[in-house]
Structure formats: C-alpha cells, structure tokens
Amino acid sequence: MSAEDSPTVVLVHGAFADASSWNGVIERLQAKAIRVMAPPNPLRGISIDSAYISSFLDQVPGPVLAVGHSYGGAVITNAAARAKNVVGLVYVAAFATEEGETLGAAAAESKDSVLNSALVPLHYPTGNGSDAVEFAIDPAKVSEAFAGDLPSEQTALIGATQRPISELAFSEPGGPPAWKNLPSWAVVATGDKAAGADLVRSMADRAGAEITELEGSHVIMVSQPRGVTDVIMEALAACRSAAAAA
C-alpha cells in the first residue's frame with residue numbers, strides 16, 4: 001500500500017497517558033510510509049475531548065483511519081460521528097460506547113478490571129471558583145492494574161509521568177456512535193485488567209468489529225506494537241479496497 005493511497009492514521013491515546021504511548025506503533029507505520037498523527041487527548045471529559053479530537057480530524061487532509069486506545073476509544077466513537085473524513089475505526093484495548101452509555105456504568109460490569117481499586121482521586125480548579133475531581137493511578141499499582149507485562153522500570157516511569165483524567169470521562173454519556181456507520185476493528189488484550197478484557201470484547205462484538213486477540217496487558221500497543229500495527233495495516237487495506245470499489 002503506498003502512502004498516496006492510504007488514509008492518514010490518527011492515534012488517540014487514553015487515560016493516564018500521552019501520545020508517546022503510541023511511539024512503537026508510530027515507528028512501524030512510518031517505516032511503511034504511512035502518514036500518521038498522534039494528537040493530545042485533553043482527558044477532561046467525553047464532550048470536551050470528542051469535540052477537540054473531532055476538530056483535529058476535520059483538519060486532516062483526506063480520509064482518516066481513527067485509532068483509539070482505552071478511553072480514546074470512547075473519544076473516537078463520538079468524534080468520528082461528527083468528522084466528515086473518517087473511513088474506519090480501530091479500537092485498541094478500547095471502549096466502543098453506545099449512545100447514552102457512561103464509562104463508569106459500563107466498567108462496573110467488567111469482571112476482569114481491577115482499575116477502580118487502583119485509582120486515587122485528586123482535585124483541580126475549574127476557573128469558576130469551584131473544584132472538580134480527576135483520577136490518577138496509585139504508582140504502586142500501575143503494574144497490577146495497568147501495565148502488567150512491562151518491566152518495573154517502565155511501569156515506574158508510567159506512574160511518575162501519568163496524566164490524570166477528569167471524573168467527567170466516566171460520568172458523561174456518549175452520543176451517537178460512529179461504529180454504527182463505519183467499519184471497525186478491535187484489538188482485545190487478553191490480560192487487560194484496566195478496561196477489562198471481557199468488557200472490551202463485548203463492546204467490540206456489539207460494534208460488529210473484526211476482533212484480533214493479543215496476549216498482553218492494557219498497554220498492548222507498548223508491549224506488542226508489531227501486533228497492533230498489523231491490525232492497523234489490515235484496516236488500512238480494507239479501507240483502501242472499499243474506496244477503490246466505490
């Protein structure tokens with residue numbers, strides 16, 4: 001697949017992370033001459049974050065394959081429904097939410113997730129005289145709840161550099177999901193104890209996504225970047241074929 005024929009891949013990171021979490025995938029896509037971008041996800045709530053990412057997507061020239069990790073999946077689910085140039089979705093250990101669904105309620109149904117027991121509530125000023133709640137992961141529990149297949153030196157770095165996520169990410173309901181109108185692919189990390197492998201799998205099934213299971217933790221794009229890149233390349237090939245057929 002040539003760079004000229006391929007959609008641009010836009011990688012949206014999830015909670016407690018930044019765009020550098022995609023570095024291993026970005027390196028592999030760039031080596032294949034695929035256009036790739038990894039914008040910052042504000043992590044301030046579904047409405048704010050999906051509006052920001054939708055605006056970003058709209059400004060990318062040509063077709064886009066939107067890829068989301070974890071909470072980033074909920075963001076692209078909403079953002080791609082507004083953007084006019086998204087041709088496919090890839091969920092990487094990610095939430096594919098339904099309209100009216102909140103992540104807090106959905107996550108409570110997972111038997112695999114242990115993330116809630118690892119979260120620490122923090123507060124931040126909103127600018128209007130009041131404070132709001134955000135969550136971070138207890139650094140001592142990053143390995144257990146988030147990144148169990150990474151070396152301790154790396155989980156220590158994740159714990160130190162993590163970006164907290166607003167409580168609104170868990171309590172705001174999602175809007176009409178883009179997966180109802182776009183082809184979807186999903187990577188299920190079999191050892192995912194953050195989003196929960198069971199919840200990720202059930203959401204992907206509901207979305208009609210083509211599912212690939214990879215052995216690893218929630219941060220599967222860090223521990224298995226080659227496998228995640230392979231799924232993205234499969235999605236790109238399918239989107240290219242669909243465009244040619246049209």
Side-chain angles (χ1 to χ4, degrees), residues 7 9-15 17 21-22 25 41 46 49-50 53 64-81 83 86-115 146-149 169-170 173-239 242:
V9 176
V10 175
L11 304 166
V12 180
H13 68 81
S21 59
W22 290 110
V25 173
N41 184 352
I46 291 291
D49 299 340
S50 59
I53 295 298
V64 166
L65 179 69
V67 183
H69 172 247
S70 187
Y71 169 68
V75 173
I76 66 169
T77 294
N78 288 268
V86 178
V87 294
L89 307 166
V90 180
Y91 294 93
V92 178
F95 301 108
T97 46
E98 173 63 279
E99 184 172 7
E101 187 173 44
T102 67
L103 285 184
E109 300 298 318
S110 172
K111 293 182 173 62
D112 292 339
S113 176
V114 298
L115 182 62
F146 194 69
D149 56 352
F170 301 98
W179 51 257
K180 288 192 174 180
N181 299 302
L182 293 171
S184 302
W185 292 260
V187 174
V188 176
T190 57
D192 188 346
K193 294 183 179 180
D198 53 353
L199 179 59
V200 170
R201 189 180 296 108
S202 67
M203 284 186 163
D205 279 332
R206 182 178 65 187
E210 183 174 327
I211 297 173
T212 298
E213 295 203 355
L214 297 176
E215 184 177 347
S217 75
H218 183 60
V219 291
I220 194 72
M221 72 289 187
V222 178
S223 62
Q224 287 221 45
R226 179 175 298 174
V228 172
T229 302
D230 287 345
V231 173
I232 293 172
M233 292 303 296
E234 290 172 12
L236 284 171
C239 291

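Everything numeric in this text was worked out from a predicted model, so none of it was measured.
- Using modelled atom types, one side-chain atom of S202 and one backbone atom of L199 make a donor-acceptor pair closer than 3.5 Å.
- For the atom pair L65 CG and L11 CG, the distance stands at 8.5 Å (nearest 0.5 Å).
- Nearest approach of W179 to S184, heavy atoms of both residues: CB-OG, 3.5 Å.
- Between atom CG of residue L103 and atom CD1 of residue I46 there is a gap of 5.0 Å, rounded to the nearest 0.5 Å.
- Between the S217 side chain and the D192 main chain, no donor and acceptor come within less than 3.5 Å of each other.
- The environment of CD in E215 is sparse: at most 12 heavy-atom neighbours from other residues, nucleotides or ligands sit within 6.0 Å.
- Looking at every heavy atom in both residues, L214 comes nearest to G227 through CD1-C, 3.8 Å.
- Minimum interatomic distance between T97 and P177 (heavy atoms only, all atoms of both residues): O-CB, 3.4 Å.
- The salt bridge (charged side-chain N to carboxylate O under 4.0 Å, His left out) contacts involving residues 221-233 comprise nothing, where partners must be two or more places apart or lie in separate chains.
- Remark: the backbone N or O of V92 is not paired with any side-chain donor or acceptor of W185 at under 3.5 angstrom.
- Distance check: T212 OG1 to E234 CD gives 5.5 Å after rounding to the nearest 0.5 Å.
- Ring orientation note: the planes of H69 and H218 are tilted relative to one another, at an angle of 30° to 60°.
- Remark: the backbone N or O of D112 is paired with a side-chain donor or acceptor of S110 at under 3.5 angstrom.
- Taking E213 as the reference, R201 meet the salt bridge (charged side-chain N to carboxylate O under 4.0 Å, His left out) condition, with sequence neighbours excluded.
- Two residues are said to be in side-chain contact when any heavy atoms from C-beta on lie closer than 4.5 Å; V25 and P225 meet this criterion.
- Closest non-hydrogen pair, I76 versus A178, comes out as O-CB, 4.3 Å.
- Side-chain atoms of Y71 and D49 form a donor-acceptor pair, as typed in the model, at a separation below 3.5 Å.
- Checked by atom type and distance alone, the side chain of N78 never pairs as donor or acceptor with a backbone atom of G174 at under 3.5 Å.
- Of all heavy-atom pairs spanning A197 and V188, the tightest one is O-CG1, 3.9 Å.
- Note that CG of L115 and CZ of F146 are 8.0 Å apart. Values are rounded to the nearest 0.5 Å.
- Nearest heavy atom pair, residue A96 against residue M203, reads N-SD, 3.4 Å.
- Partner of Y91 under the side chain to side chain contact (heavy atoms under 4.5 Å, CB included) criterion, out of V187, V67, T77: T77 alone.
- Residue C239 holds its SG atom at 8.5 Å from CG of L182, rounded to the nearest 0.5 Å.
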